[in-house]
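In what follows, a single structure is set out as structure tokens and then discussed.
As the structure lists them, so they are numbered: ligands from 1, and atoms in each ligand from 1. Hydrogens, waters and symmetry mates are skipped; everything else that's a heavy atom, side chains included, is used.
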Amino acid sequence: MQLPLWPEAASAVATDVDHLYIYLSVVSIVMSVLIFGTIFVFAIKYRRRSPDEIPQPIHGSLRLEITWSVIPFLIMLTFFWWGAKIYFLNAVPPPNAMDVYVVAKQWMWKLQYPGGQREINELHVPVGQPVRLTLASEDVIHSFFIPALRIKHDVVPGHYDTMWFTANKPGHYHLFCAEYCGTEHSGMIGWVDIMTPADYANWLAGGASGGTMSQQGERVFEQLGCATCHLLDRQGTSPSLRGLYGSRVQLTGGQTVLADDAYIRESILNPNAKIVAGYRANSMPSYQGQISEEGILQLIVYIKSLATPNAPGAPTAALTPGAALIPGVALHPAVAQTVSALRRVNQRDGGTQ
Ligand code: CUA
């Protein structure tokens with residue numbers, strides 16, 4: 001069997017990454033040839049021809065030294081500039097991205113779609129549609145890797161990671177685990193099916209027996225008895241969850257926190273980590289061990305669907321990439337993306353803003 005020299009590229013980003021990679025390789029080859037060629041030529045040209053040949057002492061040349069420092073420095077900066085550009089363009093998913101939830105466990109990938117479809121080791125997405133993957137792990141560190149899209153992200157137990165892409169070429173592509181995670185790590189593989197919108201619609205119509213992901217989440221909500229304290233339409237003994245998702249929550253102690261996936265997950269597993277202002281600590285038990293990572297994701301999707309009555313399902317400003325730092329002052333889109341990316345890193349690392 002003949003191995004291809006280069007993996008297939010199924011997104012615009014993949015082509016960008018390839019161009020950067022080719023540029024890095026070409027610059028590295030040119031520099032290596034220059035350096036080793038010069039050594040070789042000089043070694044022959046300036047070799048000692050007789051035992052008593054004494055060379056002229058050289059006292060250096062400032063102009064030459066500045067030239068050979070500044071020019072390579074500028075060339076190296078182009079790597080940084082180009083790499084940073086690709087990184088920032090891909091750091092923050094666009095607001096219209098479709099969600100797919102990925103749970104890794106030894107040794108399989110479990111995928112859930114908002115429509116309620118679930119599958120193992122197979123990801124179905126339409127071409128031309130931004131897709132945001134929320135990555136969670138049930139056990140150890142895995143890494144979700146789709147070579148044809150040139151995207152790879154560690155999947156770390158205990159918190160969510162996200163990654164996104166827009167595929168531009170239908171096909172059947174490899175999916176790998178790229179982090180050694182135990183005996184059957186090498187078998188933790190699967191397929192990504194990038195489909196035309198019509199094929200994708202057919203696939204979606206094919207089945208979600210248990211209702212949408214939000215309906216599945218509602219069932220988990222009832223099974224765990226969440227509704228006993230979290231009343232939806234009036235104030236109970238616990239905060240109402242309607243309109244919670246994407247809002248800023250005031251905590252005891254004065255800080256506020258963005259009610260995102262990570263916050264909701266933490267509040268389910270470790271309710272005392274952040275106490276909402278006006279409520280007591282220890283009034284909610286931990287659900288650690290009683291709910292799977294998939295169940296938590298279903299609950300999050302359900303809570304997300306509980307929008308405030310006057311703004312049904314509307315994404316809030318807090319979750320929109322590039323939300324202004326100063327109200328009323330728009331940021332340049334590239335700066336806004338950078339700010340959003342840094343905010344996300346900050347939140348992920350548990351910092352406060
Ligand atoms: Cu999972 Cu390697």
Can we call the ring centroids of [X] and [Y] under 6.0 Å apart?
X      : Y      : value
His153 : Phe144 : no
Phe176 : His174 : yes
Tyr87  : Trp82  : no

Going by the rule side-chain hydrogen bond (donor to acceptor under 3.5 Å, both in side chains), which residues pair with Asn168 if we only count those two or more places apart in sequence or in a different chain?
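Testing Asn168 for side-chain hydrogen bond (donor to acceptor under 3.5 Å, both in side chains), a comparison that skips the adjacent residues, returns none.
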Between the side chains of Glu138 and Lys110, is the shortest nitrogen-to-carboxylate-oxygen separation below 4.0 Å, so that they form an ion pair?
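Between Glu138 and Lys110 there is a salt bridge, with a charged N closer than 4.0 Å to a carboxylate O.
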N-O pairing of Lys304 and Asp99 below 4.0 Å
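A salt bridge is present here (some side-chain N lies under 4.0 Å from a carboxylate O).
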Considering atom 1 (Cu) of ligand 1, could you give the total of protein N/O/S atoms lying closer than 2.8 Å?
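Of the protein's nitrogen, oxygen and sulfur atoms, 4 lie under 2.8 Å from atom 1 (Cu) of ligand 1.
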